[in-house]
Amino acid sequence: MYVGVHGGITASTVSFTPEVDNMSPITSACILSGNGGFVFRYSEQKCCAVQVELNYLQRGWHESASATDSTAAVSYTRRLHYLEIPFLMHIYFGSKTWRGFVNVGPQIGYCISDNGGKGDKSTTSVHQYASIDNRFDWGITGGLGFYCRTQNAGLYQFEARYNYSFGTLFGNKTSDYFSRSNPMELSLNIAWLWEIKNPKTGKQKP
């Protein structure tokens with residue numbers, strides 16, 4: 001068993017259908033924010049483990065456009081604050097000290113705060129400025145990384161992770177404006193985990 005903490009930086013945006021003005025290219029539509037949380041990992045098999053996390057992260061999107069002769073510059077950012085619980089299959093490979101790994105599995109989350117957006121609301125589409133309809137979130141997440149396992153100082157880990165939400169921020173019924181409003185984010189995280197040694201022997205597992 002391992003327990004620990006992790007944190008890093010997240011680039012987040014929202015996929016809208018119909019498209020929202022001033023959210024292209026996707027690099028301009030992302031917001032940068034932090035994330036962090038607690039990690040629990042349990043391994044009973046040689047190369048496979050189960051990992052559960054409790055995370056805090058920010059999601060949202062950015063709209064921007066340069067000024068022209070007929071329009072003013074636009075800059076609008078909306079941030080949504082989430083608590084998230086991923087349930088991951090952790091597959092690892094390599095030597096006892098240095099290992100690569102793959103994390104994949106579902107996640108659920110809940111929006112605990114919405115700043116309502118800050119900036120200029122001057123686009124032809126204004127539906128994305130309304131209060132969100134769905135605070136509950138669910139989706140799939142996956143990551144690639146590597147870690148160094150020490151004898152007495154724990155495990156140090158680096159991971160790149162992508163998350164896509166199947167849940168929509170706004171209603172997607174036939175009568176609603178958006179058919180899709182799905183958050184997605186890419187994060188880079190570092191973690192420190194401590195192994196709970198076998199109580200019968202006091203030794204680490206292989």
Side-chain angles (χ1 to χ4, degrees), residues 1-15 30-60 80-113 134-168 182-206:
M1 288 190 294
Y2 287 89
V3 294
V5 294
H6 71 155
I9 188 169
T10 299
S12 174
T13 190
V14 177
S15 176
C30 291
I31 63 168
L32 295 178
S33 57
N35 72 84
F38 301 96
V39 182
F40 173 80
R41 183 184 300 163
Y42 178 75
S43 177
E44 186 66 30
Q45 304 299 323
K46 180 77 174 174
C47 298
C48 188
V50 175
Q51 181 168 307
V52 180
E53 302 170 4
L54 174 61
N55 300 327
Y56 162 81
L57 73 157
Q58 292 184 25
R59 292 177 174 145
L80 308 167
H81 304 260
Y82 278 82
L83 289 179
E84 174 195 68
I85 304 177
F87 301 90
L88 304 172
M89 178 67 70
H90 176 81
I91 304 169
Y92 58 90
F93 47 88
S95 67
K96 184 176 180 179
T97 302
W98 289 93
R99 289 176 174 172
F101 66 87
V102 176
N103 284 330
V104 63
Q107 61 85 15
I108 59 173
Y110 188 80
C111 179
I112 58 174
S113 177
N134 304 314
R135 287 187 174 268
F136 178 77
D137 177 73
W138 64 286
I140 190 169
T141 186
L144 295 171
F146 64 90
Y147 56 80
C148 175
R149 176 174 156 177
T150 67
Q151 186 66 30
N152 297 310
L155 181 154
Y156 298 90
Q157 175 177 294
F158 175 84
E159 181 184 10
R161 183 179 293 184
Y162 177 77
N163 180 78
Y164 183 82
S165 295
F166 295 128
T168 59
N182 305 82
M184 53 186 178
E185 61 266 359
L186 178 67
S187 62
L188 299 176
N189 301 315
I190 58 174
W192 177 74
L193 305 177
W194 188 260
E195 183 172 2
I196 301 176
K197 297 180 180 180
N198 189 322
K200 294 181 179 180
T201 63
K203 297 180 179 180
Q204 295 176 327
K205 289 186 177 182

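On a predicted model such as this, the values are computed, not experimentally measured, just so you know.
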Using every non-hydrogen atom in the two residues, find where [X] and [Y] come nearest and quote the distance to one decimal.
X: Pro183; Y: Arg59; value: CB-CD, 3.8 Å
X: Leu32; Y: Ala11; value: CD2-CB, 3.7 Å
X: Ile140; Y: Asn163; value: O-OD1, 3.3 Å
X: Cys48; Y: Met89; value: SG-SD, 2.9 Å

[atom1]/[X] to [atom2]/[Y] distance, rounded to the nearest 0.5 angstrom?
X: Phe87; Y: Asn103; atom1: CZ; atom2: CG; answer: 14.0 Å
X: Ser43; Y: Gln51; atom1: OG; atom2: CD; answer: 11.0 Å
X: Arg99; Y: Tyr147; atom1: CZ; atom2: OH; answer: 4.5 Å
X: Met1; Y: Glu195; atom1: CE; atom2: CD; answer: 9.5 Å
X: Glu84; Y: Leu54; atom1: CD; atom2: CG; answer: 9.5 Å
X: Ile9; Y: Leu57; atom1: CD1; atom2: CG; answer: 13.0 Å

Can you sort out the partners of [X] under side-chain hydrogen bond (donor to acceptor under 3.5 Å, both in side chains), two or more places apart, ordered by chain and number?
X: Tyr56; result: Gln58, His81
X: Thr141; result: none
X: Ser33; result: none
X: Ser12; result: none

Could you pull out all residues at least two apart from [X] that satisfy side chain to side chain contact (heavy atoms under 4.5 Å, CB included)?
X: Val5; result: Phe38
X: Cys148; result: Thr97, Trp98, Thr150
X: Tyr164; result: Tyr162, Phe166, Arg180, Asn182, Met184
X: Phe158; result: Phe146, Leu188, Ile190

Does the side chain of [X] come under 3.5 Å of the side chain of [Y] through a donor N or O and an acceptor N or O?
X: Asn189; Y: Gln157; result: no
X: Ser165; Y: Asp137; result: yes
X: Asn55; Y: His6; result: yes

According to ring pair (Phe, Tyr, Trp, His ring centres under 6.0 Å), who are the partners of [X], at least two apart in sequence or on a separate chain?
X: His90; value: Tyr92, Phe101
X: Tyr110; value: none
X: Phe136; value: none

Within residues 152-166 or reaching into it, pairs that qualify as salt bridge (Lys or Arg N to Asp or Glu O under 4.0 Å) - sequence neighbours excluded
Glu53-Arg161, Glu159-Arg161
Please assess Thr10 against Asn35 for the test side chain to side chain donor-acceptor pair (under 3.5 Å), listing each intermediate value before the final yes or no.
CA-CA 7 Å; Thr10 299; Asn35 72 84; 2.8 Å; yes
